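To start, the structure under review is shown below, and the notes come after it.
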Amino acid sequence: VGGIFAASLLAGRLLQPLETLSSGWGVARDAWRALARVWHTPPPAGTIHGEGAPPVLAKLTTGIEALHAFAGARPGLPPAIRDVTMSVAPGEALGIMGPVGSGKSTLLKLLAGVSPAVEGSMRMDGVDPWKANGAAPRVAYLAQTPGFLPGSLLENITGFEASPDLGALADVLARSGVQSVVSRLPEGLDTRLDEAGRPLSEGERQLVAVARVLYERAPVLALDMPETAAGPDAEAVVARAIADTTSAGGAVLIASHSP
């Protein structure tokens with residue numbers, strides 16, 4: 001009896017990884033199919049990035065306005081922000097403060113287009129930037145946790161541009177402190193990164209995220225917890241970026257736990 005029990009227990013442990021794999025296979029298959037549809041479906045005419053779309057505006061003219069906006073942290077969840085109405089004029093910086101879970105990050109994601117509005121709207125210069133037939137200023141978004149795509153360090157800073165602006169890149173590398181990171185890497189800007197930003201350290205990833213925001217040269221900055229997202233080495237760089245953006249007539253939204 002003991003032998004049978006032991007064999008049954010051992011067989012269960014041996015088969016557990018296969019059971020886990022099979023239970024997740026359907027989700028993985030559906031995700032790959034959805035991604036394949038995105039890759040192989042051309043953007044419709046009239047969309048922001050599609051053929052015939054209006055140009056993305058380089059400047060902010062009338063400002064940002066949220067009208068009774070509702071948005072969730074993730075699809076299918078209850079709204080994390082409810083009935084938010086606000087306005088930010090060109091040249092202004094707005095601090096969004098509150099405890100964990102109050103919806104600060106969701107509001108910035110709504111502005112950056114990462115999270116859609118369930119109800120209401122977010123408008124820049126009077127138009128909804130995430131729907132067809134609207135031109136909108138660019139938004140540079142600094143997330144709490146920097147995200148990366150498989151590719152070179154250069155590509156992750158410049159947004160995979162085919163012909164990056166080398167003059168602007170040199171300025172950004174110097175201002176952000178990433179030049180010192182590049183000089184320590186054997187392959188420099190050609191260093192390959194994975195989705196987690198490896199082989200960069202956590203602090204180096206934060207600096208690269210700040211460099212990416214600076215390279216955008218966007219008239220609107222959405223900074224999610226910059227005191228933690230940027231790290232101590234980049235705080236002065238972020239503060240300078242806020243000052244430069246507002247003095248140039250742009251707008252900045254900053255989510256934080258404290259003033």
Side-chain angles (χ1 to χ4, degrees), residues 56 58-60 91-96 104-105 108-109 111-114 137-258:
V56 177
K59 294 183 179 181
L60 189 68
E92 289 185 343
L94 175 68
I96 306 167
K104 303 184 301 298
S105 297
L108 292 189
K109 290 177 181 178
L111 173 66
V114 178
R138 294 195 313 275
V139 178
Y141 174 54
L142 178 65
Q144 290 189 43
T145 303
F148 297 87
L149 291 174
S152 69
L153 175 57
L154 172 64
E155 290 170 329
N156 272 275
I157 294 175
T158 62
F160 288 77
E161 287 182 348
S163 301
D165 185 332
L166 298 182
L169 176 64
D171 176 65
V172 164
L173 293 178
R175 289 168 57 197
S176 64
V178 174
Q179 184 57 57
S180 61
V181 176
V182 173
S183 64
R184 292 195 297 269
L185 296 170
E187 297 182 51
L189 287 170
D190 293 326
T191 300
R192 306 296 296 180
L193 306 182
D194 64 11
E195 294 89 341
R198 292 183 292 259
L200 301 180
S201 68
E202 182 177 356
E204 290 170 341
R205 294 170 206 164
Q206 292 167 338
L207 288 175
V208 169
V210 172
R212 184 163 47 201
V213 167
L214 296 178
Y215 185 82
E216 280 283 328
R217 293 156 288 176
V220 179
L221 302 184
L223 309 177
D224 194 356
M225 303 294 294
E227 66 271 23
T228 56
D233 293 338
E235 283 183 0
V237 179
V238 172
R240 176 65 183 272
I242 294 172
D244 289 347
T245 300
T246 53
S247 63
V252 183
L253 281 79
I254 310 161
S256 179
H257 288 317
S258 59

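Since we're looking at a predicted model, the values are computed, not measured. Computation of the quantities below employed the complete heavy-atom set of this structure, encompassing side-chain atoms and omitting hydrogens, waters and symmetry-equivalent molecules.
Between R217 and D171 there is no salt bridge, since no side-chain N of the basic residue sits under 4.0 Å from a carboxylate O of the acidic one. Salt bridge status for R192 with E187: absent, with no side-chain N to carboxylate O gap under 4.0 Å.
Taking the side chain as every heavy atom from C-beta outward, I254 and L108 never approach each other to under 4.5 Å. Side-chain contact between E161 and E155: absent, with no pair of heavy atoms (C-beta onward) separated by less than 4.5 Å. Side-chain contact between L221 and L142 is absent, with no heavy-atom pair separated by less than 4.5 Å. V220 has its side chain within reach of L111: a pair of non-hydrogen atoms, C-beta onward, lies under 4.5 Å apart. Considering only heavy atoms from C-beta on, E92 stays 4.5 Å or farther from T246 through its side chain. Looking at heavy atoms from C-beta onward, L94 lies out of side-chain contact with V252 at the 4.5 angstrom threshold. Side chains of T191 and V182 form no contact here, defined as non-hydrogen atoms less than 4.5 Å apart. Counting only heavy atoms from C-beta outward, the side chains of L214 and R175 approach each other to under 4.5 Å.
Nearest heavy-atom pair across P226 and V238 is CB-CG1, 4.0 Å. Of all non-hydrogen atoms in A222 and V139, the two that sit nearest each other are CB-CG1, 4.1 Å. The two residues T245 and A218 make their nearest non-hydrogen contact at CG2-O, 4.3 Å. Q206 and P146 make their closest contact through CA-CG, 4.2 Å (heavy atoms, listed as atom of the first residue, atom of the second, distance). Taking each heavy atom of S152 and L189 in turn, the nearest pair found is CB-O, 3.6 Å. Across every non-hydrogen atom of G177 and L207, the tightest pair is O-CD1, 4.3 Å.
Of the possible donor and acceptor atoms, one in the side chain of Y215 sits under 3.5 Å from a partner among the backbone N and O of D165. A distance-only check finds a donor-acceptor pair linking the side chain of S247 to the backbone of D244 [under 3.5 Å]. Put simply, the side chain of D224 never gets that close to the backbone of Y141: no donor and acceptor are under 3.5 Å apart.
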Hey, mind stepping through V208 and F148 against side-chain contact (heavy atoms from CB on, under 4.5 Å) and telling me if it holds? CA-CA 10 Å; V208 169; F148 297 87; 3.8 Å; yes
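How far OG of S176 is from CD1 of I157: 6.5 Å, rounded to the nearest 0.5 Å.
Between the side chains of Q144 and S105, a donor-acceptor pair is found at a separation under 3.5 Å.
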